[in-house]
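The next block holds one structure in the form of structure tokens; read it before the comments.
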Amino acid sequence: MHRAMQDWSMRISHVIDHAAREAGVREIVTRWADGSETRTTWAGIRADALKMAQALKALGIRKGDRVASLAMNHSRHLVSWYGVAGMGGVLHTVNPRLFDDQLEYIVNHAEDRVLLYDAAFQPIVDRMKPRWPTVEHYVCYDSGAHGIAFEDWIATQDGDFTWVGGEETDPCMLCYTSGTTGNPKGVVYEHRSTVLHAVAGLQPSTFNFSPSTVMLPVVPMFHAASWGLPYAGAMAGIKFVFSAVNDPAVLHGLMLREGVTDSAGVPTVWLAHFQYCDREGIALPPLKAATIGGSAAPRFMIERLMKNGTRVQHAWGMTETSPIGTVGGPTCDWERLSFEERVAKTAMQGRPIFGVQLRTVDLDDMVTELPRDGVSSGALQIRGPWVIKRYFKAEEDAVNAQGWFDTGDVGILHPDGTLQLTDRTKDVIKSGGEWISSVELENAAMGHPDVAEAAAVGIYHPKWDERPVLFVVKKDGSQLSSADVIEHLKPLVAKWWLPDAVEFVDDIPHTATGKISKKDLRDRFSDYRLEA
Ligand code: AMP
């Protein structure tokens with residue numbers, strides 16, 4: 001039989017072509033690090049991406065070559081996402097918060113040939129240049145002071161370029177995960193996986209975009225493809241507002257002035273925004289939707305946003321899953337739920353989006369599948385078309401024989417499909433043979449008005465094997481005591497979950513992606529002992 005439908009390979013170039021054609025006038029606004037602002041459109045992004053693709057070709061960059069970016073969120077970074085993929089290259093988004101040794105490792109491992117960077121990261125570039133022998137060309141996004149400036153570089157081209165074609169499964173992006181042990185690992189996104197993931201992102205139960213959406217993504221473009229927003233946003237033709245700095249005052253001003261309806265970021269970003277508004281005595285911005293992910297969204301955060309009239313989309317995912325696995329939003333029983341019940345439901349991690357399959361297995365044998373009963377807690381495994389099969393340059397697959405990837409997370413699946421994440425396999429605390437969720441303890445503690453941040457860690461205990469210790473950063477000027485924290489926790493967690501000690505600290509270490517680093521916290525307190 002003849003093929004009944006037309007060929008249409010799932011490649012990134014279709015995404016930007018569509019955005020330029022169907023939403024060509026929709027604006028892309030950037031607030032730069034120096035305070036200046038620029039405006040372009042989806043048509044402008046495509047025109048620049050064509051010039052950039054041509055300029056890369058002129059440098060001798062070939063299909064499959066890696067081009068790195070060391071940059072915050074802005075329109076020129078967006079141009080690079082489409083320009084690099086459009087010429088058949090692979091954009092390696094580098095996290096500028098990594099340590100020098102990690103920066104050295106990943107750029108060499110990726111064999112990046114070009115590095116595009118923000119002037120703010122010039123000190124990193126100056127320091128690392130001798131350690132990055134594969135990088136032949138440096139282009140600065142926002143200044144020509146130390147080499148070619150991006151705008152001058154692409155202006156050398158006329159944009160008369162045809163997107164490079166190829167297989168749907170060709171690579172288009174490379175992101176390294178900041179693993180807690182060993183060297184970072186590279187996750188390669190393919191054109192097909194990226195397009196499918198972005199289409200899934202358009203579902204009302206995912207990002208719920210419409211042409212009137214104005215999105216300010218705070219989640220960096222260097223972390224897990226900014227949750228796929230730059231692709232899904234192009235498909236829906238939304239307006240983007242980017243800020244190259246993450247100062248809450250700047251973000252707040254932009255949100256009000258540009259009519260931002262949606263934003264997305266890790267919990268620490270939202271926390272900083274709350275603190276800014278409280279300090280200034282002003283209201284939260286009138287957002288329609290807030291996507292929170294990367295770490296568990298604490299209940300008080302969800303509650304405050306919902307009281308502000310903002311729909312909270314609590315998402316779970318990983319760099320290895322492109323990254324979206326699950327997203328929470330209004331459920332089928334939403335109308336019947338009380339406000340408290342809605343908050344409780346949203347504090348869970350939502351439901352898998354089409355394409356993604358989840359299961360939990362026994363933590364001890366890692367094979368016995370657990371029931372989706374809302375109580376059984378086990379190791380979370382995932383499979384699907386935008387889930388990793390093998391890390392970049394790895395010798396072996398990262399999945400088991402049935403294609404399941406072990407996430408390293410611990411969770412509970414509910415009968416309605418909701419995922420409730422309870423911990424990381426490495427962080428869950430085993431006390432007397434029973435599991436205690438460090439995340440739940442932290443979230444409960446974070447609900448106290450005087451707690452700025454909290455982290456629970458399992459510490460060796462001669463009788464129970466491990467017992468929880470809670471490290472707490474107090475809010476400025478607070479007189480909070482350990483006893484106050486324990487009293488606050490008592491109605492919220494099982495009695496045997498109560499921490500054996502509450503220690504006040506000035507700060508809690510974070511990873512390069514802004515999450516609490518339990519590893520660093522454990523290292524810092526490696527001499528800490530609990531009495532029997
Ligand atoms: P990364 O690859 O750096 O994005 O980290 C992925 C990890 O972040 C996951 O395996 C989870 O441990 C954690 N994570 C992501 N989203 C959530 C969430 N909504 N709640 C709790 N943990 C999360």
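Counting convention: from 1, in listed order, for ligands and their atoms alike.
To the nearest 0.5 Å, atoms CD (Gln402) and CD (Gln381) are separated by 9.0 Å.
When side chains are defined from C-beta on, Val260 does not count as touching Leu254, because their heavy atoms never get closer than 4.5 Å.
Nearest non-hydrogen protein atom to atom 19 (N) of ligand 1 is Ala315 O, 2.7 Å. At the top of the distance list for atom 9 (C) of ligand 1, counting protein heavy atoms only, stands Asp409 OD2, 3.3 Å. The nearest protein atom to atom 22 (N) of ligand 1, hydrogens excluded, is given as Leu421 CD2, 3.4 Å; this is a heavy-atom distance. Protein heavy atom at the shortest distance from atom 7 (C) of ligand 1 is Lys515 NZ, 3.5 Å. The closest protein non-hydrogen atom to atom 13 (C) of ligand 1 is Gly294 O, 3.4 Å.
Of all the heavy atoms of Pro323, none lies under 4.0 Å from any atom of ligand 1, so neither backbone nor side chain is involved. At a heavy-atom cutoff of 4.0 Å, ligand 1 is contacted by both the backbone and the side chain of Ala296. Using a 4.0 Å cut-off between heavy atoms, Gln349 contacts ligand 1 through its side chain alone, with no backbone atom that close. When non-hydrogen atoms are compared, ligand 1 lies under 4.0 Å from the backbone of Thr319 as well as from its side chain.
For the residue pair Thr169/His191, the side-chain donor-acceptor check at 3.5 Å is not satisfied. A donor and an acceptor atom, one from each side chain of Glu341 and Ser338, are located under 3.5 Å apart.
Close approach of ligand 1 to His314 is summarised as follows: ligand atoms under 4.0 Å from at least one heavy atom of the residue are 18 (C), 19 (N), 20 (N). In the vicinity of Arg424, heavy-atom distances shorter than 4.0 Å reach the ligand 1 atoms 9 (C), 10 (O), 12 (O).
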Worked verdict on Tyr176 versus His109 for ring pair (Phe, Tyr, Trp, His ring centres under 6.0 Å): CA-CA 10 Å; Tyr176 282 78; His109 189 260; 5.8 Å; yes
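Within 6.0 Å of atom CZ in Phe354, 12 or fewer heavy atoms from other residues, nucleotides or ligands are found, so the atom counts as exposed in its surroundings. Other residues, nucleotides and ligands contribute more than 12 heavy atoms inside 6.0 Å of the CZ atom of Phe339. Residue-environment remark: CH2 (Trp464) stays at or below the threshold of 12 foreign heavy atoms within 6.0 Å.
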